[in-house]
Student: 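First the structure, which I've put down as structure tokens, then a few questions once you've had a look.
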Amino acid sequence: MAITVQPITATFGAEIGDVVLGKPLAAADLADIRAAFTKYAVLVFPEQQFDDDSQLDFARNFGPLETTVFKARKEHKLRLHENMADVGNLDAENRILAADNRQRLYNLGNRLWHTDSSFKRLPAYCSMLHARSIPPLGGQTEFADMRAAYDALPEATKRRIDGLVAEHSIMHSRAKLGFGDFDENEREAFRPVPQVMVRRLQDSGRMSLYIASHIGAIRGMEDAEAKALVEELTAHATQRQFVYSHRWRANDLVIWDDRCTMHRGMEFDDQRYARDMRRATVSDVAPTCEQMGLAVAAE
Ligand code: OGA
Ligand code: MN
């Protein structure tokens, strides 16, 4: 039986049914999922049972997996497999993280509009977030369609940003929250990397904005001007007409295209309720400047 595809809007977001992802997939189902991913950019799969191994196995259908950023911190005790990003609020003993816990403060960066791993030279292609347990209130995840946002830009703005290269670092997004607790190893691992601000997607052929709160500078532009531009583009791209807000149910798997969406987590009472969310992330095929045929000087 073929999968079902229920669009959330005509071009952004779809709910996929009649498929079980926690075991090996039929090639035809995988092809249909890929086609839906190309068109809708955010896919919601309700009622998927996964353990960490089966979630990682499913993700490997889409390409090589990323390693969690927490590995760059030697004393950090990983709760999960190193290919799994731990975006919940629990520690290695499954206790709720205290208000002053470093991992909690670090993960508050997920409340800012971003796309995953744009701070890596080879950024993310897609992310696959599974809800193991959710709070009864709040904690939605919002997604913005950066293809539609690009299409809606004035022509003058499109010309202005064409060919621009931004510098992304996870230390930039954390600095916006006043968080700067990075050791030597992390500072080296998180040195800013160049990314194009506009990209063409190889599968759909559509153009997309590519920005995130990880941006700290734009090459060849004064800092004040760069910050104002990124603020304006973010405000434009996150208007309601470009945004889908996902209200989680336990065992939802949501997949998003990191090349052409931004997302952010919404507030919930994280001192009271557990929210166990685990993300497998697939690497893109090449650095974005390379994909767009731009030669960039080393920083
Ligand atoms: C992520 C992320 C937000 C959330 O998993 O990459 O940013 O709502 N999550 O947990
Ligand atoms: Mn994220």
Side-chain angles (χ1 to χ4, degrees), residues 13 41-45 48 50 52 55-56 58-59 62 65-71 78-90 96-97 101 103-120 123-146 168-174 176-177 179 190 195 210-215 234 237-238 243-270 273-284:
V42 177
L43 302 180
V44 177
F45 297 84
Q48 298 296 331
F50 283 115
D52 291 2
Q55 186 179 345
L56 294 172
F58 172 66
F62 288 73
L65 301 186
E66 285 192 351
T67 302
T68 172
V69 288
F70 289 127
K71 235 198 138 188
L78 289 183
R79 183 170 77 105
L80 308 174
H81 188 284
E82 66 171 36
N83 291 137
M84 199 69 102
D86 190 356
V87 295
N89 65 336
L90 302 176
I96 286 181
L97 297 173
N101 178 276
Q103 179 180 339
R104 170 177 183 269
L105 298 173
Y106 192 106
N107 275 346
L108 284 176
N110 288 338
R111 300 267 183 91
L112 307 179
W113 284 108
H114 67 283
T115 186
D116 291 332
S117 303
S118 65
F119 54 84
K120 295 181 181 171
Y125 164 60
C126 66
S127 298
M128 307 188 169
L129 186 59
H130 189 235
R132 304 291 168 93
S133 67
I134 53 163
L137 209 67
Q140 301 94 316
T141 307
E142 296 195 327
F143 298 92
D145 184 349
M146 308 299 281
H168 294 237
S169 168
I170 197 165
M171 294 191 289
H172 293 145
S173 49
R174 272 53 190 170
K176 288 177 183 154
L177 301 177
F179 180 92
F190 300 151
Q195 305 288 3
Y210 190 63
I211 56 173
S213 57
H214 304 310
I215 295 179
T234 303
T238 57
V243 171
Y244 164 63
S245 180
H246 185 66
R247 182 173 294 282
W248 291 91
R249 298 151 296 195
N251 293 319
D252 277 351
L253 180 80
V254 177
I255 303 183
W256 61 88
D257 190 336
D258 282 298
R259 303 170 307 166
C260 62
T261 60
M262 283 205 291
H263 61 277
R264 64 171 180 180
M266 302 301 281
E267 199 261 328
F268 72 103
D269 188 347
D270 76 345
Y273 301 118
R275 183 174 187 265
D276 187 355
M277 308 286 284
R278 306 181 185 199
R279 192 188 84 217
T281 316
V282 177
S283 296
D284 205 347

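Atoms within each ligand, like the ligands themselves, are counted from 1 in listed order.
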Student: Which word best sums up how the rings of Phe119 and His214 line up, parallel for under 30°, tilted for 30 to 60°, or perpendicular for over 60°?
Tutor: perpendicular
Student: Just which atoms of ligand 1 are under 4.0 Å from any heavy atom in Leu129?
Tutor: 5 (O)
Student: Please tell me if the side chains of His172 and Ser213 come closer than 4.5 Å, counting only heavy atoms from C-beta onward.
Tutor: no
Student: Touching ligand 1 at all, His114? Heavy atoms, strictly under 4.0 Å?
Tutor: yes
Student: Atoms of ligand 1 less than 4.0 Å from Asp116 heavy atoms?
Tutor: 6 (O)
Student: Measuring from the heavy atoms of Trp256, does anything fall under 4.0 Å of ligand 1?
Tutor: yes
Student: Quick check for you: with the Mn ion (ligand 2) as the vertex, what angle do OD1 of Asp116 and NE2 of His263 span, to 10°?
Tutor: 90°
Student: Does any donor atom in the side chain of Asn110 or His263 lie under 3.5 Å from an acceptor atom in the other side chain?
Tutor: no
Student: Tell me, which protein residue and heavy-atom name are nearest atom 5 (O) of ligand 1, and how many Å apart are they?
Tutor: Arg279 CD, 3.4 Å
Student: Do Thr115 and Met146 come close enough that some side-chain heavy atom pair is under 4.5 Å?
Tutor: no
Student: Among all the protein's non-hydrogen atoms, which is closest to atom 10 (O) of ligand 1, and how far away is it?
Tutor: Arg275 NH1, 2.9 Å
Student: Examine ligand 1 and decide if any of its atoms is less than 4.0 Å from a heavy atom belonging to Arg111.
Tutor: no
Student: Taking Asp270 first and then Arg104, would you say they form a salt bridge - that is, a charged N and a carboxylate O separated by under 4.0 Å?
Tutor: yes
Student: For atom 8 (O) of ligand 1, find the nearest protein heavy atom and state the residue, atom name and distance (0.1 Å precision).
Tutor: Thr141 OG1, 2.6 Å
Student: Considering the options Leu253, Val87, Leu56, Leu80, which one meets the side-chain contact (heavy atoms from CB on, under 4.5 Å) requirement together with Arg278?
Tutor: Leu80
Student: Number the atoms of ligand 1 from 1 as they appear, then name those within less than 4.0 Å of a heavy atom of Val87, with their elements.
Tutor: 5 (O)
Student: Against heavy atoms of His263, which atoms of ligand 1 measure under 4.0 Å?
Tutor: 1 (C), 2 (C), 6 (O), 7 (O)
Student: Any salt bridge linking Asp52 with Arg132? Criterion: basic side-chain nitrogen under 4.0 Å from a carboxylate oxygen.
Tutor: yes
Student: May I ask you to check if Arg174 and Tyr106 form a cation-pi contact, with NZ or CZ under 6.0 angstrom from the six-membered ring centre and within 45° of the axis?
Tutor: yes
